[in-house]
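This report refers to the structure that appears directly beneath it.
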Amino acid sequence: MQAVMTGFLILLLAINSIMIFKLRDMKWTDTIRRLRNMAFGVAGIIVPEMVILLTKDRQIAYYAFTFFYIAFAWYTMMIFRFSVSYSGYRLFKVYKSPLFWITVMESAAFIWGIFSERFFTITHARWYEHIYWICRPFSMFYAYAIAGYITLTAAVVVLIIAATQSARIYRLKYSGVAIIIVVMVASRANSQLKQQPILMQVVCFALCEIVIVYMAVHYAPRKLNQRAMRFVADKLNDGIVLYDDEHRLQFVTAGYSHAVGLKGIQGIDNEKIYWDKVISEANVENAWDGKVMSVGRDDGIYYYEIQHMALSEDGKLIGTVYWIRNVTESIKNYGEMVHRANFDELTGIYNEAHFHEVTRKLLDENPDTEFVMTCSSVEKFRVFKELFGKEKYDDYLIRTAESLRTGLDHIPKCKYGRIGESDFYIMMPKEAFDPQQFLDAIDEVAKAYCTNNFNLVVKASVYEITEPLQDMLTICNKASMACETIKGDYGRRILWFDESILKESKLKERYNAELSKAIEHGEIQIYLQPQVDKSGKLIGAEALARWVHREDGLIPPAQFIPYFEKNGRITELDICIWRQACEKLKEWKEKGRDDLHISVNISARDLYAIDIYEHCVSLVKEYGIDARNLKLEITESAIINDLNQHVHLVEKLQAAGFEVEMDDFGSAYSSFNMLKDIYVDVLKIDMKFLGDTKNEVRSHAILKSIVDLSGELHMKTVAEGVETEEQLEFLKGVGCDIYQGYYFSKPMPVADFEAKYL
Ligand code: C2E
Ligand code: CA
Ligand code: CA
């Protein structure tokens, strides 16, 4: 029996040593240090007990007992110190501690008593069929024993105080240790009162020590971890479901039903197989990489991202976690973001970048299909916007997009998009393209926006994609290039791109490159077209630009002005023309002909590019001419573009003495309405626009009413484009003031003009 018990004690000693070793590796806090001291203390009581168990020699046994009691005194002290530290209280410095000195004194007393046997004696006694050494204490011994009980009780009290003062989850941490110490006290009291061998006490102490270390080092922190994890998990809005290795549901967060929104969804009660299935099926296109499932609920579609994690330890599965996050919001935002990046906000069809992307892909994927690219564009859409408002214009764009959808969505390999403010592009297989149908569809929409006064003109052009490897921008440009050449040519509304258009565009580019030099070298010149009054007397002229090109000869303005208007360089050219006009006026003035005026054209672009007022005022000042003689023609469409601002400009110019003419009055839309807001000196009516109308009676009526109205508003009228005698007679009949046109003379070089008229 003794041998068995000794073996057991050796085992306890071994465990204790391992603990000492392990504790050495831990973070060296005060509590850990004290735990380790305690473990040493336990070793100090196990070793003498082993000696007591094994020896037959009374003297050795007595020494061992003495050593045991000394070690026990120190061990009790260590328990107390550990309890204080564990509870978070601070002790006095060791040497100041009375407990320390008491223990020192006790130890000294026991050593002194070793020879005299003053405190206790030992005898052999039978206990459970076996003979053990047993201690028989004398009265002095009780003082020592009581001191030990007081110390241990104090430790328990400290721990209980800590337990009552701490949060619930920490209570067990303290009270658990307190209970263990109470067990130790009980076992000691029991063996002392019954005068039993100290063996049971030592075993009990060693076991309790193991439990204390476990509590302090593993249990309490882990408990805290678990609590914290649980706390976090429950606060999460996500659903976390945990299954054990047998696929049994172990844990589900409070956020689960919130996240999934369906109470008692199958997965909760069923095995984890449900989730495996969900995961294998879940994958929502356009979501990101993770597995996302969509669930249709009464209030819309919801998206969940599901993550699946297998928990394993040493290569063995110990459980499975499914993490279900409600990502509806993010996916919707993401979807919106993608949509915003790829689709035109107003019409919902492809925007430029995405149109280029999808058409590029289409071309690449169908190298054997012949495609066409069409472009359609509203002419003078700014005027349309000004006249009818942005809403109406937007409405037109939306209607066009709708008509594209209904007309094209069933055609395979067909893509369309809105590019820029007013252009729509379509790419489709050539064999599916029917030009007439295309025009009809455009007309159908445009028709709804035409009024008596305004014709919504939509130009359309087509480019047969002969070189599908060109980049999309070039392909689209070729389509739109054709569209641009349609300007003003109302009869031919659909134009096919061919190389001549490209040639033309290259020519324009050349002109653009040459413009500055041309101005410098005097290639840009004014031609003058006479203006006469009712009596046929010359009263002035309109200055019209000509490019006398050193290689290409005389180039009419139609070839370069629209192009420069588009790219903004018209201002450079206009300034050059204005200067030449001023120079002429100066010359004429010097010759005593300051009764003649010159009208110059101001382009819409000029109104934004420079300060017209400043410019004109300083010009007349510089040349010393009368502002009245430099008449300023601004087209009706330029004025209408930004009426409020231009009304102000016109007023300022008039105040400075200039006469402002509204050019091309009545050209494409009613301008009557505008007249209530703006006062100009002259309305210039182009016969060409009236001539367009088949019904002559009607156009005469319109002309007459314009002249009448202008008279009432104290404005003069100029009729330009007068080609025939009849026209002239009619104009005289209705009371038009000034005439200009081929009937009198074509625009001519200044020298010719002067020779003929001055
Ligand atoms: P616009 O200002 O309306 O000029 C009148 C145009 O009608 C001139 O064409 C003129 O030659 C032409 N014309 C005159 N009488 C008749 C006629 O009896 N019958 C016909 N069929 N046409 C006639 P042009 O000179 O070719 O100018 C065309 C347009 O180019 C001008 O129209 C004007 O918008 C623009 N333009 C010309 N010179 C300048 C300039 O210096 N600056 C700016 N910004 N634009 C200019
Ligand atoms: Ca003009
Ligand atoms: Ca005109």
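One-based numbering, in listed order, for ligands and for the atoms of each. Keep in mind that what you see is a predicted model, and the values were worked out from it rather than measured.
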### Task
Indicate the ring-plane relationship of W588 and F753, choosing parallel, tilted or perpendicular according to the 30° and 60° boundaries.
parallel
### Residue R382 excluded, over 12 heavy atoms near CZ under 6.0 Å
no
### Task
Check the angle between the aromatic planes of H549 and Y511 and answer parallel, tilted or perpendicular using the 30° and 60° thresholds.
tilted
#### Entry: NZ or CZ of K566 within 45° of Y563 ring axis and under 6.0 Å
no
#### Entry: Heteroatom test (N, O or S) for D686 near the Ca ion (ligand 3), limit 3.0 Å
no
#### Entry: Distance-only side-chain donor-acceptor flag, T635 / D664, under 3.5 Å
no
### Query
Mind checking what residues have non-hydrogen atoms under 4.0 angstrom from ligand 1?
Q529, E542, L544, A545, R546, P557, I561, I570, D574, I577, N601, S603, D663, D664, E720, G721, V722, E723, G741, Y742, P747
## Note on the structure
Atom name of the N, O or S atom of D664 nearest to the Ca ion (ligand 3) is OD1
### Query
Any cation-pi pair here, K586 with Y623, using under 6.0 Å and within 45°?
no
### Task
On the 0 to 90° scale, with breaks at 30° and 60°, tag the F343-Y350 ring pair as parallel, tilted or perpendicular.
tilted
### Summary
Vertex the Ca ion (ligand 2), ends E633/OE1 and D663/OD2: angle to nearest 10° comes to 80°
### Task
Determine which of the N, O or S atoms in E720 is closest to the Ca ion (ligand 3) and give its atom name.
OE2
### Angle subtended at the Ca ion (ligand 2) by OE2 of E542 and OD1 of N601, nearest 10°
90°
### Option from T374, V462, I501 for which side-chain contact (heavy atoms from CB on, under 4.5 Å) with W496 holds
V462
